[in-house]
Amino acid sequence: MGRRPRHTQGNGAITLTMGKGTKGKKQGLGNGTRLVNAGRDPEYTGAVVNPPVWRASTHLYADTAALKDGTRHNEDGRFFYGRRGAPTQWALCDALTELEPGAAGTVLYPSGVAAIAGALMAVLSPGDVLLVTDNAYEPTRNMATGLLRRFGVEARFVDPLDIDAFEANICPATKAVMLESPGSLTMEVQDIPALAAIARKHGVISIADNTWATPLGFPALERGCDITIMSLTKHVGGHSDLMMGSAAARGDLYGKLRQTAQALGHVVSPDDAALALRSLRTMSLRLERSTQSALAIAKWLEGRDEVAHVLCPLLPGAPGHEMWNRDFTGGCGLFSFILKGRDQAARSWLIDALELFGIGYSWGGYESLAIPFDPAVNRSATPFPPLAWDAGDRYGVRLSIGLEDPQDLIRDLETGFAAMEQE
Ligand SMILES: *Cc1c(COP(=O)(O)O)cnc(C)c1O
């Protein structure tokens, strides 16, 4: 960053103006360079590398005229009261906006689920229909059939891979569609550019949960989506020690996201924002490493007799690989596999025998995780197992590959498979 710090230090108060967004940022830089430089506005960082942690609820004004002025203006990067954040959170917003081509701004939420709720509440009203792809993250599905239904929104689930059925499901009341690619657990890669274009043609707002790829692997707005959401808990946090979410959008929709988040009182702590910014700097290194390891492990699993299907779009020949290769520039360490004709007990023996993989929810941390999953319970528009599969091949394991050495993880899985054969 070539710009020098320019703190205005008049009567003890630092003057802060607008967030800087993507203005004036150099194009064509690699991901590592972009991550190092994003959101490092000298106005927020001062003379040090990282923005200080501004723990603040009350922002003091010089006099009543300044108070009145601060209350009247509601712009990014302006002090008002802690609920609108302070420079630590604004620096993270700026960084995420700079990483998301096409975004006018980014809103932070206390979790990824809060980001999904915030985005849906920003665009939906009673009487609207929301389309949700059938491979959606379970809390998204539950929000659509629970909370949103209570507020008069009807959710319809659609086959994530059937473009014609998607268009046929759009009716005059359809207001928005929730996309997620690759889908949670079963990892279907959707034709997002086609789905987003159809949505736009019908005046339907497309929202993508882009937690898996991040904008480094899939710039969702550039690919045609209107709003893109991430659980920052996963790759951006990256160390399993914070919860946060984000939503980014173009101008008018960004305004709606922001307005709704303020109305709902969504706010994140400056300590968590500083942690997220710190982790963001290494995100491409972590993603590259876990992607490489995941591919090596997926290839190894493909050769195992105990495995019926490897659901990993990174893997040549696996479902969704061609679409992933066409639309994505990166991946991550999260994928699944389906056991060949085993039962739930055998799967538990496998997972319980793992020593390097933790058993727990979430993903995207530096440590590897394994969980059992049964996607059949979360489906309403598409059958699971798919009709083309052997019906006995239905018990899934989801792996989040971390930063360990892949050969050690493979040895751990070998031990797990051996334990699976116990009587
Ligand atoms: C984890 C997850 C979320 C929710 O994020 P939290 O920060 O845990 O609330 C949303 N979408 C996907 C795809 C996820 O995996």
Side-chain angles (χ1 to χ4, degrees), residues 92 96 106-121 130 132-144 146-148 157 160 177-190 192 206-218 220 225 227-248 257 261 264 266-269 272-273 275-276 279-280 283 287 290 294 311-313 320 324 328 331-336 358 360-365 367-371 373 375 378 396-402:
L92 177 59
L96 295 172
T106 302
V107 177
L108 300 176
Y109 301 84
S111 69
V113 164
I116 294 166
L120 291 173
M121 296 197 72
L130 169 70
V132 184
T133 50
D134 208 25
N135 56 359
Y137 179 58
E138 192 178 350
T140 303
R141 173 179 283 270
N142 294 342
M143 199 183 302
L147 182 81
L148 290 175
F157 292 89
V177 56
M178 189 76 203
L179 306 168
E180 191 186 319
S181 179
S184 276
L185 304 173
T186 42
M187 310 301 293
E188 295 92 341
V189 181
Q190 301 164 11
I192 298 259
S206 56
I207 307 171
D209 183 334
N210 197 33
T211 302
W212 188 87
T214 82
L216 301 186
F218 187 82
C225 297
I227 298 176
T228 179
I229 290 170
M230 267 194 291
S231 164
L232 306 181
T233 310
K234 313 292 165 55
H235 301 311
V236 172
H239 296 71
S240 308
D241 55 4
L242 70 89
M243 299 208 62
M244 206 182 290
S246 67
L257 289 173
L264 291 169
H266 279 145
V267 64
V268 308
S269 92
D272 286 346
L275 271 181
S279 301
L280 187 66
M283 188 167 74
L287 285 174
S290 54
L311 307 177
C312 177
W324 175 78
F328 290 66
C332 71
L334 187 79
F335 72 96
S336 303
Y361 290 111
S362 199
W363 46 281
E367 82 296 1
S368 293
L369 297 171
I371 52 163
F373 75 96
N378 276 323
V397 178
R398 188 186 75 175
L399 300 179
S400 173
I401 303 300

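Start at 1 and go down the list; that is how both ligands and their atoms are numbered. It should be emphasised that the depicted structure is a prediction, and the values quoted were computed from it without experimental measurement.
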Results of salt bridge (charged side-chain N to carboxylate O under 4.0 Å, His left out) for E180 - residues two or more places apart only
none

Please examine the side chains of M230 and P215, heavy atoms only from C-beta on, and report whether any two atoms are closer than 4.5 Å.
yes

Contact check, side chains of F335 and I401, non-hydrogen atoms, under 4.5 Å:
yes

Begin from the C-alpha positions of L232 and L280 and carry the test side chain to side chain contact (heavy atoms under 4.5 Å, CB included) through to its verdict.
CA-CA 10 Å; L232 306 181; L280 187 66; over 6 Å; no

Just to be sure I understand the cut-off, which residues have at least one non-hydrogen atom under 4.0 angstrom from an atom of ligand 1?
S111, G112, V113, I116, Y137, E180, S184, D209, T211, S231, T233, K234, M243, M244, W363

Which residues pass the salt bridge (charged side-chain N to carboxylate O under 4.0 Å, His left out) test with R141, sequence neighbours left out?
D134

Using ring-ring contact (aromatic ring centres under 6.0 Å, His included) as the criterion, list what pairs up with F218, not counting sequence neighbours.
F328

